[in-house]
There are 6 protein chains.
Amino acid sequence: MRILFLHPTINRKADEAKKRFLERFSSEQIIIDFMSLDKGPAHMDLYCHEVMAGPEIIKKVIWANRNGYNAIVIDCFMEPGLHPAREVSKVPVIGPFESSISLALQLGHKFSVLSFLDNAVPQVERQVRSYGVESRLASIRTISTPVLEFGYDTTQVKNEVLKESRVAIENDRAEVIVLGCTLLFGLADDLMKNAGVPVIDPLLASFKMAESIVTIGLPLSKKYLYKKPYRLR
Amino acid sequence: MRILFLHPTINRKADEAKKRFLERFSSEQIIIDFMSLDKGPAHMDLYCHEVMAGPEIIKKVIWANRNGYNAIVIDCFMEPGLHPAREVSKVPVIGPFESSISLALQLGHKFSVLSFLDNAVPQVERQVRSYGVESRLASIRTISTPVLEFGYDTTQVKNEVLKESRVAIENDRAEVIVLGCTLLFGLADDLMKNAGVPVIDPLLASFKMAESIVTIGLPLSKKYLYKKPYRLR
Amino acid sequence: MRILFLHPTINRKADEAKKRFLERFSSEQIIIDFMSLDKGPAHMDLYCHEVMAGPEIIKKVIWANRNGYNAIVIDCFMEPGLHPAREVSKVPVIGPFESSISLALQLGHKFSVLSFLDNAVPQVERQVRSYGVESRLASIRTISTPVLEFGYDTTQVKNEVLKESRVAIENDRAEVIVLGCTLLFGLADDLMKNAGVPVIDPLLASFKMAESIVTIGLPLSKKYLYKKPYRLR
Amino acid sequence: MRILFLHPTINRKADEAKKRFLERFSSEQIIIDFMSLDKGPAHMDLYCHEVMAGPEIIKKVIWANRNGYNAIVIDCFMEPGLHPAREVSKVPVIGPFESSISLALQLGHKFSVLSFLDNAVPQVERQVRSYGVESRLASIRTISTPVLEFGYDTTQVKNEVLKESRVAIENDRAEVIVLGCTLLFGLADDLMKNAGVPVIDPLLASFKMAESIVTIGLPLSKKYLYKKPYRLR
Amino acid sequence: MRILFLHPTINRKADEAKKRFLERFSSEQIIIDFMSLDKGPAHMDLYCHEVMAGPEIIKKVIWANRNGYNAIVIDCFMEPGLHPAREVSKVPVIGPFESSISLALQLGHKFSVLSFLDNAVPQVERQVRSYGVESRLASIRTISTPVLEFGYDTTQVKNEVLKESRVAIENDRAEVIVLGCTLLFGLADDLMKNAGVPVIDPLLASFKMAESIVTIGLPLSKKYLYKKPYRLR
Amino acid sequence: MRILFLHPTINRKADEAKKRFLERFSSEQIIIDFMSLDKGPAHMDLYCHEVMAGPEIIKKVIWANRNGYNAIVIDCFMEPGLHPAREVSKVPVIGPFESSISLALQLGHKFSVLSFLDNAVPQVERQVRSYGVESRLASIRTISTPVLEFGYDTTQVKNEVLKESRVAIENDRAEVIVLGCTLLFGLADDLMKNAGVPVIDPLLASFKMAESIVTIGLPLSKKYLYKKPYRLR
């Protein structure tokens with residue numbers, strides 16, 4: 001089984017570390033590849049970054065379909081290009097937000113999402129509502145330390161995430177915390193011990209979801225929403 | 001007042017006719033310009049067409065802001081790039097879907113949208129839900145004649161729209177019909193006479209909405225969702 | 001084009017000032033008339049005030065239809081009699097709440113309504129839900145200074161509105177503010193400068209909405225909800 | 001205990017028969033009075049009929065509060081004036097729609113409402129949504145025989161109701177039928193035997209609800225929505 | 001008329017006091033019996049308590065159907081076994097939560113539920129949503145004093161309920177308070193005087209609801225959800 | 001990793017075949033055990049069957065926690081005892097309905113559930129709504145052939161499922177089909193080829209979900225809803 005993690009920016013600094021992290025949860029039969037964009041945005045915080053990354057994402061998804069990948073993960077919590085990618089793809093295209101929420105729903109009644117910038121709050125709210133699970137959302141909370149680059153101060157971020165998680169748990173009655181960025185990979189275990197509730201790592205969630213869907217042999221539905229384009233340019 | 005209609009494909013055949021149509025509802029003080037993309041998709045039916053058009057839309061929106069336009073209309077019912085465009089724009093960015101629904105809500109209890117391809121049904125449903133007005137939607141119905149090119153057979157399309165409108169009115173209890181494509185401009189009056197309920201022309205709706213918002217002097221909210229990008233590439 | 005603003009109380013003190021305010025946003029082709037009730041309530045704060053105003057509203061709406069008006073605006077944010085008026089009217093009947101919300105939805109993700117009395121909060125909430133846009137509502141907040149009479153202390157009201165708007169923006173994540181009373185006409189520009197988000201003037205919103213609908217030539221739907229009364233007494 | 005049934009039209013033909021019907025389900029301690037309007041509409045099918053009846057309803061409700069009634073029932077399924085009446089009343093004001101739905105929710109999963117005219121469908125839908133129970137509604141269906149006057153053809157109406165109930169049960173998966181007019185009193189038992197599911201008589205439902213609320217000693221909440229008018233005219 | 005109150009624990013200490021309380025609101029024609037479980041949980045706070053009580057509840061409900069009861073009330077706000085009991089019962093099975101909410105909806109716009117343990121908050125929220133009235137819920141608030149045994153400190157509980165009710169009223173804009181435990185019977189009148197809004201006693205609410213449904217002659221719907229088991233073991 | 005499949009009836013005929021089926025999708029590191037109830041219902045079609053199975057399910061879940069299982073799957077689409085089991089369990093408890101829906105949401109816009117008996121329709125609808133994903137449900141459809149016993153006529157069932165799936169796809173616009181019974185294991189691949197959309201096998205879905213959650217190391221949230229019972233009997 002071959003899974004492509006497509007990181008929708010030009011920044012590839014974290015790729016190796018992400019790969020090593022995921023391989024701890026993988027088996028020999030699974031090949032995990034990471035790929036970033038040749039051109040596109042350096043960050044992914046805004047809808048206009050999604051737009052800038054869009055055409056490259058589509059190209060890479062088509063390429064991955066032609067090169068034997070069994071599933072493609074959009075390696076960003078905002079899942080830019082997820083729905084258009086599913087139009088041009090035969091193999092499943094998986095998003096870390098969708099995967100994380102799907103796990104969260106099975107571990108407690110309400111989940112909170114921890115995110116970064118102010119504009120992320122309505123973005124995540126729109127994403128939750130588009131997925132259809134708004135009645136299970138406790139809150140969306142933000143931390144102010146930017147993790148825009150791999151190599152961010154892990155301790156500071158963990159402390160802030162922990163602090164906001166506790167507010168989410170006590171004030172908003174969150175029972176599960178979803179980390180709102182795939183760059184936060186590898187922190188969930190520590191956070192879980194301190195927060196006392198499940199903490200979802202979106203990168204890991206999307207990997208196991210992709211693996212499950214490929215193992216079961218489930219395809220994307222090409223009826224209606226993700227209908228194959230009759231004429232792709 | 002200067003309003004830019006940005007058509008998100010490379011096809012500019014209908015621009016002149018659209019402009020003449022809108023000027024019938026305009027005044028001397030308003031300059032209406034139409035602009036298509038330099039490169040991008042020839043049609044706009046799928047999410048991946050939106051992706052292909054995205055970067056050019058953003059460029060044109062930035063250009064329009066720098067060149068004195070008071071409002072920008074994304075000239076397509078699917079409103080590709082609407083939300084990212086609002087991030088990079090100071091002046092209001094208007095979408096024909098949003099404008100049409102806003103008018104429809106004030107004329108009757110439930111509206112139906114008439115669209116074309118099969119995949120459009122879940123797309124429009126997602127759009128309605130994203131706008132938040134799903135409880136006012138009667139149905140989404142499709143006609144099979146393609147209007148992919150200006151110069152389509154008007155009579156045949158009108159007959160089909162009329163037939164499906166009547167089904168929407170009688171079976172789905174629609175009280176208002178929204179035409180789901182800006183290429184259908186200029187047909188509403190005739191359809192209205194035959195269908196017996198209001199029929200919304202999305203091109204005209206977006207023009208009057210843009211004019212109103214500019215006249216009142218309402219800006220886009222740059223707080224939260226449409227926050228100005230701190231670093232735009 | 002002739003538009004009638006029907007103020008649903010016996011109080012006509014603000015009529016002249018409202019008319020002058022709207023004419024700043026109008027053209028020569030549009031005649032704006034204001035009319036109050038011959039008998040009815042002095043204020044419009046409660047459902048029972050709506051009841052007291054109801055029969056007179058219906059009479060005036062029928063009169064306006066017979067006297068060449070192209071649209072009728074119910075000049076009160078609570079829109080008393082809006083739905084029954086649409087039953088007896090051929091021409092569009094417009095409400096400031098509906099018009100304001102329709103504009104707000106196009107300028108930001110969530111809106112807050114600023115209102116006055118305690119009982120207004122559930123009233124506005126019911127109105128928002130009846131319109132179907134509850135998922136876009138950030139909050140309803142009240143100010144305590146009464147503006148029951150034209151000639152109220154503008155500065156004090158602006159200060160209080162500004163204070164509550166800031167709470168709505170910071171705490172409730174409102175991106176657009178809707179003023180919950182047509183007597184607050186003419187304050188939005190100043191408030192907007194200070195609040196930093198769009199502020200909707202409901203009187204002006206309803207005027208531009210009426211003008212747009214008349215210009216486009218859209219009628220009320222007389223199918224189902226606003227069906228013509230078979231026997232009106 | 002004294003309960004006033006306030007019929008919101010000028011038609012009092014059915015009053016005696018309704019009273020005799022309700023007394024079959026009552027005890028000696030309860031006095032049931034029926035009262036119609038002195039002036040107002042002859043029928044109650046449209047929102048504008050509600051408007052015409054409104055001021056008289058308010059007057060009668062105030063009168064009933066001053067004359068020792070313990071509860072007031074608005075004797076019409078559309079419940080005209082229910083919310084404004086609650087503002088001016090100290091004693092509970094009960095509506096047949098609300099009472100019927102409250103019983104229906106406890107007898108099966110989904111209910112259908114049987115109504116008459118075409119315009120009633122969106123009206124009832126708005127009422128269901130305003131009450132907040134739209135997720136429990138199976139359907140709203142209409143019969144074409146008018147029961148505008150007491151003395152209507154009972155057999156024909158029963159047959160039509162039965163026919164539409166069966167469609168609601170088989171097609172819409174209704175488990176409980178709510179009769180959408182208080183003039184249909186006394187038919188539920190027969191219909192129930194034939195339809196095989198509970199059929200709610202709205203007149204009787206509102207009577208037992210009023211009796212229960214008075215016996216328990218529950219007042220209207222005068223906080224927020226039904227706040228006492230500070231100055232009633 | 002005979003009504004069985006089935007208390008779903010093995011604790012029968014409060015039975016006599018509950019019976020005497022209800023008889024104050026009853027008439028000679030009604031026989032009220034209380035019954036506890038022969039084996040099962042001592043408390044009812046968790047879903048697993050419901051499970052432990054389940055089989056005994058079903059047995060008692062079948063027994064009550066064979067022994068001439070006209071209605072059965074599950075005497076616990078959590079209503080354990082309500083839906084399965086309705087499958088095996090011919091006579092109505094009533095729950096205090098459903099009865100209380102049904103009354104609350106008719107007395108004010110929004111209600112709050114007062115409950116005890118932390119885990120009760122999501123439980124009650126799920127119950128409210130399952131009943132379909134989530135848009136009418138103001139909040140769920142907890143008090144920390146346990147009332148696990150009859151003979152609890154009434155004064156302390158009343159003070160705490162009052163304190164939390166006031167928070168619900170002022171902060172959450174609750175207009176009606178629902179007591180979230182049938183052991184709180186008999187406190188509503190006092191609380192109502194102090195809180196200034198209606199306070200619903202769930203035991204009394206369920207009694208009057210059962211009485212009304214039996215008097216009207218309404219059966220459970222045995223179509224679809226509560227279909228009679230074809231083979232009961 | 002050890003996963004216990006707990007089948008909530010006394011019927012163990014399918015256990016061996018299910019185990020062999022799942023092992024085709026498993027690895028050597030995973031031990032799959034199947035266990036049925038010592039006493040309880042023979043079928044699981046009604047809420048009262050859930051009740052009868054309840055106490056045994058709790059006992060087995062506690063047993064499994066003490067005997068080294070890393071996750072427990074309730075082997076029935078109705079997921080009887082899922083929520084109470086999570087209260088008494090430290091290790092994740094997984095349900096086939098929740099797992100199936102979670103996968104379905106990532107493969108297409110709307111899903112339909114195929115079920116058996118008439119009463120299953122409102123049951124499944126309540127389950128979907130309790131999970132919070134009602135806006136993604138296309139329809140619930142039933143087939144009439146009973147699969148109450150392993151050894152049912154596979155060909156006939158496949159034909160009926162295929163027929164109803166096609167109705168769900170064409171009429172209800174389903175994009176993904178969820179099989180509503182774990183006894184239908186092993187049929188999805190064949191059905192998928194014929195139906196042309198993804199078909200979810202709930203047994204397999206729950207297995208891969210359990211495996212993912214255990215591999216990631218995610219616990220149940222013991223905060224609020226699934227709080228550990230302070231005193232379990």
Side-chain angles (χ1 to χ4, degrees), chain D residues 25-27 29 82-83 86 92-95 98-99 101-111 129 131-137 169-170 173-177 188-189 192 195-201 204-205 207-213 215-226, chain E residues 25-27 29 82-83 86 92-95 98-99 101-111 129 131-137 169-170 173-177 188-189 192 195-201 204-205 207-213 215-226:
Chain D
F25 300 89
S26 185
S27 70
Q29 286 78 43
L82 181 69
H83 295 291
R86 283 173 176 166
V93 184
I94 302 297
E98 288 191 359
S99 302
I101 302 306
S102 283
L103 292 179
L105 294 179
Q106 300 178 64
L107 301 170
H109 180 52
K110 293 235 167 154
F111 65 90
R129 199 170 143 77
Y131 202 50
V133 294
E134 61 273 23
S135 67
R136 302 288 295 276
L137 178 69
I169 294 165
E170 295 311 319
R173 294 191 173 270
E175 305 181 19
V176 181
I177 299 294
D189 271 3
M192 209 138 48
V197 302
V199 176
I200 312 272
D201 180 311
L204 184 48
F207 170 52
K208 299 313 286 184
M209 198 57 77
E211 186 194 336
S212 292
I213 284 172
T215 303
I216 296 174
L218 284 166
L220 276 174
S221 181
K222 302 304 287 184
K223 190 83 193 172
Y224 305 122
L225 189 61
Y226 302 132
Chain E
F25 300 88
S26 186
S27 70
Q29 286 79 44
L82 181 70
H83 294 290
R86 283 173 176 166
V93 185
I94 302 296
E98 289 191 0
S99 302
I101 302 307
S102 284
L103 293 179
L105 293 179
Q106 301 178 62
L107 301 170
H109 179 52
K110 292 234 168 156
F111 64 92
R129 199 170 142 78
Y131 202 49
V133 294
E134 61 273 22
S135 67
R136 302 288 295 275
L137 178 69
I169 294 165
E170 295 309 321
R173 295 192 174 268
E175 305 181 19
V176 180
I177 300 294
D189 272 3
M192 209 138 48
V197 303
V199 176
I200 312 273
D201 180 311
L204 184 48
F207 170 52
K208 298 315 287 183
M209 197 58 78
E211 187 193 335
S212 292
I213 284 172
T215 304
I216 297 174
L218 283 167
L220 277 173
S221 181
K222 303 305 287 183
K223 191 83 192 173
Y224 305 124
L225 188 61
Y226 302 131

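Labels below follow one simple rule: chain letters A, B, ... track the order of the sequence lines, proteins then strands, and each chain is numbered from 1. All values reported here derive from a predicted model rather than from experimental measurement.
Residues E/Ser212 and D/Ser212 approach most closely at OG-OG, 3.0 Å, considering heavy atoms. Minimum heavy-atom separation, D/Ser135 to E/Gly132: OG-CA, 3.7 Å. Closest non-hydrogen pair, D/Pro219 versus E/Pro198, comes out as O-CG, 3.2 Å.
Of all the listed residues (E/Ile101, E/Thr215, E/Val93), the one sharing the greatest number of non-hydrogen pairs under 4.5 Å with chain D is E/Thr215. Between chain D and the options E/Gln29, E/Lys222, E/Arg86, heavy-atom pairs under 4.5 Å are most frequent for E/Arg86. Among E/Leu220, E/Val197, E/Ile213, the residue with the largest count of heavy-atom pairs under 4.5 Å with chain D is E/Leu220. Of the residues considered (D/Ile169, D/Leu82, D/Asp189), D/Ile169 shows the highest number of contacts with chain E, using heavy-atom pairs under 4.5 Å. Of the residues considered (E/Ile200, E/Leu105, E/Val176), E/Leu105 shows the highest number of contacts with chain D, using heavy-atom pairs under 4.5 Å.
Of the atoms belonging to E/Phe207, not a single heavy atom falls under 4.5 Å from chain D. Residue contact with chain D, scored on non-hydrogen atoms closer than 4.5 Å, involves the side chain of E/Ile94 exclusively. E/Ala188 does not touch chain D: none of its heavy atoms, backbone or side chain, sits under 4.5 Å away. Proximity to chain D (any heavy atom under 4.5 Å) is shown, for E/Arg173, by both the backbone and the side chain.
E/Ser99 is listed as a side-chain neighbour of D/Gln106, based on a closest heavy-atom distance under 4.5 Å.
Put simply, the side chain of E/Ser221 gets close to the backbone of D/Glu175: a donor and an acceptor are under 3.5 Å apart.
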Decide yes or no on side chain to side chain contact (heavy atoms under 4.5 Å, CB included) for D/Lys110 and E/Lys223, but give the supporting numbers first. CA-CA 10 Å; D/Lys110 293 235 167 154; E/Lys223 191 83 192 173; over 6 Å; no
Using the rule given for side chain to side chain contact (heavy atoms under 4.5 Å, CB included), can you reason through E/Met192 versus D/Leu218, listing the C-alpha separation, both sets of side-chain angles and the distance that settles it, and then say yes or no? CA-CA 9 Å; E/Met192 209 138 48; D/Leu218 284 166; 4.0 Å; yes
Report the C-alpha separation of E/His109 and D/Tyr224 in whole Å, then their side-chain angles, then the decisive distance to 0.1 Å, and conclude whether the side chain to side chain contact (heavy atoms under 4.5 Å, CB included) test is met. CA-CA 8 Å; E/His109 179 52; D/Tyr224 305 122; over 6 Å; no
Step-by-step side chain to side chain contact (heavy atoms under 4.5 Å, CB included) determination, E/Leu103 to D/Ile216: CA-CA 10 Å; E/Leu103 293 179; D/Ile216 296 174; 3.7 Å; yes
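Residues meeting the ring-ring contact (aromatic ring centres under 6.0 Å, His included) test with E/Tyr226, sequence neighbours left out: E/His83. With sequence neighbours left out, the salt bridge (Lys or Arg N to Asp or Glu O under 4.0 Å) criterion links D/Glu211 to D/Lys208.
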